[in-house]
Amino acid sequence: CLALDLEGCLYPAQDIWVLQVATSAGDVFLFDIQTLPSAFEYGLCALLEDAAICKLMFDCRMDAYALKRYGVQLRHVLDLQVLYCKACLPR
């Protein structure tokens with residue numbers, strides 16, 4: 001699994017400034033999308049759309065919205081906010 005987070009003005013502008021990726025091995029990668037938007041063309045898009053790789057995110061709605069500007073359709077996302085609400089909120 002990968003843990004993902006995006007920073008930027010995600011709504012309504014869809015501007016991603018930094019994309020953070022952490023691996024289960026403890027590696028962390030920061031992508032400066034403002035400086036290198038072509039990162040999506042060189043493998044980042046394929047990684048985010050790969051259904052074989054689980055992506056952990058927290059409240060990924062705006063992140064997914066912003067990624068569409070770059071032609072990315074997230075796949076195999078586990079939204080931890082949904083799990084938290086299901087586990088902790090009264091029924």
Side-chain angles (χ1 to χ4, degrees):
C1 266
L2 299 175
L4 302 175
D5 191 29
L6 279 68
E7 304 300 333
C9 183
L10 304 179
Y11 183 84
Q14 294 178 291
D15 283 335
I16 300 172
W17 300 332
V18 175
L19 190 146
Q20 306 159 51
V21 179
T23 70
S24 56
D27 298 313
V28 176
F29 301 91
L30 301 176
F31 297 91
D32 183 344
I33 302 303
Q34 291 289 297
T35 302
L36 191 63
S38 61
F40 291 105
E41 299 168 29
Y42 292 98
L44 198 51
C45 181
L47 176 76
L48 297 173
E49 292 183 340
D50 190 336
I53 301 172
C54 177
K55 290 92 176 170
L56 300 176
M57 301 180 80
F58 190 89
D59 190 13
C60 67
R61 294 171 297 169
M62 292 301 110
D63 294 351
Y65 173 78
L67 285 167
K68 286 183 182 180
R69 173 182 175 194
Y70 299 90
V72 177
Q73 179 67 45
L74 283 173
R75 288 185 176 78
H76 198 167
V77 175
L78 183 59
D79 192 329
L80 298 175
Q81 181 184 36
V82 173
L83 293 176
Y84 171 80
C85 290
K86 195 130 174 91
C88 298
L89 296 180
R91 296 179 190 239

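Nothing fancy with the numbering, it's 1 onward along the sequence.
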Once rounded to the nearest 0.5 Å, what's the spacing between atom [atom1] of [X] and atom [atom2] of [Y]?
X: Leu19; Y: Leu36; atom1: CG; atom2: CG; result: 11.5 Å
X: Leu78; Y: Met57; atom1: CG; atom2: CE; result: 11.0 Å
X: Gln14; Y: Lys68; atom1: CD; atom2: NZ; result: 9.0 Å
X: Leu56; Y: Cys1; atom1: CG; atom2: SG; result: 4.5 Å
X: Ile53; Y: Leu2; atom1: CD1; atom2: CG; result: 6.0 Å
X: Gln34; Y: Asp15; atom1: CD; atom2: CG; result: 5.5 Å

Are [X] and [Y] in one and the same hydrophobic cluster, where Ile, Leu, Val, Met, Phe, Trp and Tyr link if side-chain heavy atoms are under 4.5 Å apart?
X: Leu6; Y: Leu47; result: yes
X: Leu30; Y: Trp17; result: yes
X: Ile16; Y: Phe29; result: yes

Quick one: do Lys55 and Asp50 make a salt bridge, cutoff under 4.0 Å?
no
Smallest separation among heavy atoms of Gln73 and Glu49, with atom names
N-OE2, 2.9 Å
If every non-hydrogen atom of Cys60 is compared with every non-hydrogen atom of Asp79, which pair is closest and at what distance?
N-OD2, 3.1 Å
Option among Leu44, Leu4, Leu48, Ile33 that satisfies the side-chain contact (heavy atoms from CB on, under 4.5 Å) test with Leu67:
Leu48
Which residue pairs satisfy the ring pair (Phe, Tyr, Trp, His ring centres under 6.0 Å) criterion with at least one member in residues 52-91, sequence neighbours excluded?
Tyr11-Tyr65, Phe40-Tyr70
